[in-house]
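Residue numbers begin at 1 in each chain, while the letters A, B, ... track the order of the sequences. Hydrogens, waters and symmetry mates are skipped; everything else that's a heavy atom, side chains included, is used.
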Amino acid sequence: MAELATLGVDAEDLGPKKKDEKEGLPPLPGIDKVKSPVFRMAPFPSGPLHIGNARMVVLNDEYAKMTKGKLILAFDDTIGAMKKKIEEDDSGAKYVIPEAYDMIREGLTWLGVNWDQEVFKSDRLPIYYDYCKQLIQKGEAYACTCEPSAFKAFKDAKKPCPHRDQPIEDAMEGFQKMLDGAYEEGSAVIRFKSGVDLSDPALREPVIMRISDAEHPRVGTKYRVWPMLEFSWALDDHLLDMTYIIRGKDLFKEDVIEEQVWKIFGWKPVHILHYGIISTEKLGKLSKTYAREMITKGEYVGWDDPRTWTLQSLDRRGIRPEPLRYVLLSQGLKMADVDFPASIMYAENQKIIDPISNRYFFVEDPVPLSITGIPDRSYTAEPLVNPLDPSLGNRSISILVKDGAKKVLVSPSDVEKIKGAGGDVLVRLKDLFNVTVPGGDISKAAFHSKDLDAARSQKAPVIQWIDSDPKNNVVVQVLMPDGRVTSGRGEFNLQSVKAGETLQFERFGFVKVQSVTKKKVDAWFTH
RNA sequence: GCUCCGUUAGUGUAGAUCGGUCCAGCACAGAGGGCUUUCACCCCUUUAACCCGGGUUCAAAUCCCGGACGGAGCACCA
């Protein structure tokens, strides 16, 4: 007995304490030895940031905040060969679009990210050239003119290609010819001597510099030789004093190359951390190339179309940044691949918007319900603006009755339920009055009573309704996350709503208002 | 084919480092109920997982080995 009592006390004391300790991300390895932590976000400016990029951003930002470190926004805007650009194949065609720089900044700002410095990789070509020459000088890189397929054969056989053993002078000359334009795009590259017999074929003798005649949005055609991602970062991670690299595990190969380069130059290695791939498959096709195509075709409304899942699109839909950060951070730095937990993000978002979203009646794909035998000439429904905050008061919806008859609009799904019940069904038109629908026939409904208690005592379903009088309703259009547009009618009060407001359509969901005219409200579905 | 990585309920996670306190916790979703003039919110109850097989051990989700499954890389994309 005494034991039980003691245990009880202990459990109560430990419980809440334990919880507090679990907050936030785990500490960074070796952080106690790092004087001034530096992190980086390295987006490729091919479009605005989407949900898939957000993980990289949020993780780096959060750690920078936790450690009071510096966060660099490094636009990874090096470009590949021209012919790649022309291919419509979405696995290969990636290119920089000028508007992307600002769209990325906009997304970051929305996410609450504070960065201390901006770097453009496209400004740093002379640096890459310099170190490339040093590498060649050290005999660690060479100029290769193999056809890609020919090189692959050497690589697969773990054999050096004929250019690997060229004299340093030849390699230097080869690089110079690349710079001078003596080689055409695609006809020569600089390769790094990582090792021809590495067990992992992905790591053998990677290209570090190649020619591109493509025009760059920032620097035009000033440079025609561009570094590969892993090489430019091998240099910049050191040159920019990076202390931590947090990247997806799909960039694992880059680690190895970077580490080899650091070793050659005698540089201190940077901590590298990986997280698993976050799958957005279930959300639809998220490629930026695809999105751009759909925007061009006019299928998507723009870079903030809900189907793009860009940060802009989330904002426009009514998703707040906090829930996104929350789900991304809760996933931590696991190496396991995961599905993006959209439902959790929605649940978190709802906690924020529910108390501040005013309620309105909306009926999707409405059908008329004809009621007869109504005693009074007019009725007024007065539903709460938001039941979560009664101090906001009530709105008022008045209807006029002519010759005891009235038509209201109701939802087909509610009609189905009424029909399913069979026989005469008592239905409460929310906040208005009760009607009987004989045998589910919505053309023959009859007034039953006004009193709520009458409906309650019979457990009558309560449904949404809209006055069928066009002067007393508005047309409502809702763009769904999958691009579908659904429409219906909403209560007249909707005409005083403002663009940008988040609303709740009762028994339908949350929406964010896009535009309002006298007779029409355009909204996007939040969740 | 080669290489690397991963595998806790429907989804996301906790559990690490120091194997017992885990017949596995939490959140969201699901089911049922209560409250409610919303299928919202709130409250209560409930379903449901340690990939498989060996081993070490008094004791394994946690350590070791093998397998299966999944992902990534093997691009002059990032």
Side-chain angles (χ1 to χ4, degrees), chain A residues 7 10-11 14 18-19 22 26 42-46 76-85 91-96 121 144 146-148 151-152 155-156 158 185-191 198-204 206-212 225-226 228-230 232-233 248-254 256 274 276-277 279 282 289 326-328 330-332 334-348 350-351 354-355 357 359 361 381-384 386-388 413-414 428-432 434 452-453 455-456 460-464 504-510:
Chain A
L7 281 173
D10 280 349
L14 291 174
K18 236 180 175 177
K19 238 183 180 175
K22 283 256 79 84
F44 179 65
S46 59
D76 209 351
D77 59 350
T78 57
I79 54 170
M82 183 77 135
K83 61 181 176 188
K84 276 275 177 190
K85 181 174 167 176
S91 63
K94 291 190 175 181
Y95 45 95
V96 175
K121 304 284 282 187
C144 174
C146 289
E147 285 289 316
F151 187 84
K152 188 179 188 324
K155 182 174 72 179
D156 290 346
K158 297 190 176 183
E185 182 181 290
S187 64
V189 297
I190 302 298
R191 287 186 185 278
L198 293 174
S199 60
D200 186 344
L203 265 21
R204 294 175 201 150
V207 170
I208 56 172
M209 286 283 192
R210 51 27 165 127
I211 300 165
S212 172
V225 176
W226 290 82
M228 298 296 287
L229 173 145
E230 52 269 51
S232 70
W233 277 115
K249 71 172 184 186
D250 52 324
L251 261 26
F252 185 78
K253 167 190 155 190
E254 283 69 16
V256 184
H274 294 104
I277 313 295
S279 166
K282 290 175 184 168
T289 309
Y326 172 83
V327 297
L328 259 13
S330 75
Q331 291 180 324
K334 301 212 321 176
M335 288 280 265
D337 302 333
V338 293
D339 284 336
F340 180 78
S343 65
I344 297 178
M345 180 174 76
Y346 294 158
E348 289 301 317
Q350 179 158 330
K351 289 179 190 169
D354 198 8
S357 299
R359 317 290 144 126
F361 286 171
E382 295 187 313
L384 285 162
N386 185 340
L388 262 29
S413 62
D414 284 331
R428 171 92 181 158
L429 300 177
K430 190 167 180 288
D431 299 294
L432 190 67
N434 313 318
L452 171 63
D453 292 336
R456 266 190 174 159
V462 178
I463 68 169
Q464 254 57 53
Q504 189 204 74
F505 286 160
E506 294 188 36
R507 298 169 74 234
F508 178 78
F510 293 88

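- Look at CE on A:Met345: it is 14 Å from P on B:rA29, rounded to the nearest Å.
- With a cut-off of 3.5 Å on both pairing distances, the Watson-Crick or G-U wobble partner of B:rG25 is B:rU13.
- The distance from atom CZ of A:Phe252 to atom C1' of B:rC2 is 15 Å, rounded to the nearest whole Å.
- Note on A:Asp414: a base of the nucleic acid sits closer than 4.0 angstrom, heavy atoms only.
- Note on A:Ser343: every side-chain N or O is 4.0 Å or more away from OP1 and OP2 of B:rG12.
- Comparing the P positions of B:rC76 and B:rG55 gives an interatomic distance of 48 Å, to the nearest angstrom.
- Under the 4.5 Å side-chain criterion, counting only non-hydrogen atoms from C-beta, A:Phe508 is not in contact with A:Gln464.
- Expressed to the nearest 0.5 Å, how far OG1 of A:Thr78 lies from CH2 of A:Trp226 amounts to 7.0 Å.
- Rounded to a whole Å, the NZ atom of A:Lys155 is 18 Å from the P atom of B:rG1.
- Put simply, CD1 on A:Ile211 and CE on A:Met209 are 11.5 Å apart, with the number rounded to the nearest 0.5 Å.
- Taking atom C1' in both B:rU56 and B:rG20, the straight-line distance is 16 Å, to the nearest Å.
- Taking atom P on both nucleotides, B:rC65 is separated from B:rU21 by 25 Å, rounded to a whole Å.
- For the pair A:Leu229 and A:Asp339, both in contact range of RNA chain B, the more 5′-proximal nearest nucleotide belongs to A:Asp339.
- Side-chain N or O atoms of A:Asn386 include one that pairs as donor or acceptor with a backbone N or O of A:Pro355 at under 3.5 Å.
- In terms of phosphate contacts, A:Gln350 brings a side-chain nitrogen or oxygen within less than 4.0 Å of OP1 or OP2 of B:rC41.
- Of the nucleotides present, none pairs with B:rC50 by Watson-Crick or G-U wobble criteria with both distances under 3.5 Å.
- Looking at A:Arg359, its side chain never comes within 3.5 Å of a backbone N or O of A:Glu506 through a donor-acceptor pair.
- Comparing the P positions of B:rC18 and B:rU8 gives a spacing of 23 Å, expressed to the nearest Å.
- Residue-to-nucleotide contacts include a donor-acceptor pair under 3.5 Å from the side chain of A:Glu254 to the base of B:rA78.
- The separation of B:rC28 from B:rC41, taken at their C1' atoms, amounts to 16 Å, rounded to a whole angstrom.
- Closest to the side chain of A:Lys253, out of B:rG73, B:rA40, B:rA78, is B:rG73.
- In terms of modelled atom types and a separation under 3.5 Å, the side chain of A:Asn434 and the main chain of A:Arg428 share no donor-acceptor contact.
- Residue A:Lys334 has its side chain nearest to B:rA14 when only B:rG6, B:rA14, B:rC28 are considered.
- Judged by Watson-Crick or G-U wobble contacts below 3.5 Å, the nucleotide B:rC39 has no partner.
- Here A:Asp337 pairs with A:Lys249 in a salt bridge; the nearest charged N to carboxylate O distance falls below 4.0 Å.
- Pair assignment for B:rC18: none, as no Watson-Crick or G-U wobble contacts are both less than 3.5 Å.
- Regarding contacts with the backbone of B:rG73, every side-chain N or O of A:Arg204 stays at 4.0 angstrom or more from both OP1 and OP2.
- For A:Lys351, counting side-chain heavy atoms from C-beta on, the closest listed nucleotide (B:rC28, B:rU38, B:rA40) is B:rC28.
- Pairing for B:rU62 is absent, with no Watson-Crick or G-U wobble pair whose two atom distances lie under 3.5 Å.
- Closest approach to the A:Lys152 side chain among B:rC76, B:rC4, B:rA75 is made by B:rA75 (side chain taken as heavy atoms from C-beta onward).
- At a threshold of 4.0 angstrom between heavy atoms, the contacts of A:Gln504 include nucleobase atoms, whether or not backbone atoms are also involved.
- Candidate nucleotides B:rU38, B:rU3, B:rG71 were compared by shortest atom distance to the side chain of A:Ile277, and B:rG71 ranks first.
- Out of B:rC76, B:rU38, B:rG71, the shortest distance to the side chain of A:Pro148 is found at B:rC76.
- Taking the C1' atom of each, B:rC26 and B:rC50 are spaced 16 Å apart, rounded to whole Å.
- Counting only heavy atoms from C-beta on, A:Lys430 has its side chain closest to B:rU38 among B:rC74, B:rC77, B:rU38.
- Here A:Pro341 lies in heavy-atom contact (under 4.0 Å) with sugar-phosphate atoms only.
- Between the CG atom in A:Asp156 and the CZ atom in A:Arg204 there is a gap of 7.0 Å [rounded to 0.5 Å].
- Nucleotides B:rG15 and B:rG70 place their C1' atoms 22 Å apart, quoted to the nearest Å.
- Within the 4.0 Å cut-off from OP1 or OP2 of B:rA75, not a single side-chain nitrogen or oxygen of A:Arg191 is found.
- Here, B:rA59 and B:rC23 have their P atoms 15 Å apart, quoted to the whole Å.
- A:Arg210 contributes no side-chain N or O that, together with a main-chain N or O of A:Val189, makes up a donor-acceptor pair within less than 3.5 Å.
- Atom CH2 in A:Trp233 sits roughly 12 Å away from atom C1' in B:rA78 (whole-Å rounding).
- Taking only side-chain atoms of A:Thr78, from C-beta outward, the nucleotide of B:rA78, B:rC74, B:rC5 with the closest atom is B:rA78.
- For A:Ser413, the listed nucleotide lying nearest its side chain is B:rC39; candidates were B:rC74, B:rC39, B:rC5.
- Residue A:Val189 has its side chain nearest to B:rC76 when only B:rA40, B:rU11, B:rC76 are considered.
- Between the P atom of B:rC28 and the CD atom of A:Glu348 lies a distance of 7 Å, rounded to the nearest Å.
- Across the protein-nucleic acid pair, A:Ile190 atom CD1 and B:rA75 atom P stand 19 Å apart, rounded to whole Å.
- Partner assigned to B:rA68 is B:rU7, using Watson-Crick or G-U wobble distances below 3.5 angstrom.
- For B:rC2, the paired base is B:rG73 (Watson-Crick or G-U wobble, both distances below 3.5 Å).
- Toward the 5′ end of RNA chain B lies the nearest nucleotide of A:Gly332, the other residue of the pair A:Ala347 and A:Gly332 mapping further downstream.
- Atom CG in A:Leu198 sits about 12 Å away from atom C1' in B:rC2, given to the nearest Å.
- The nearest whole Å value for the distance from the CG atom in A:Leu251 to the P atom in B:rC74 is 11 Å.
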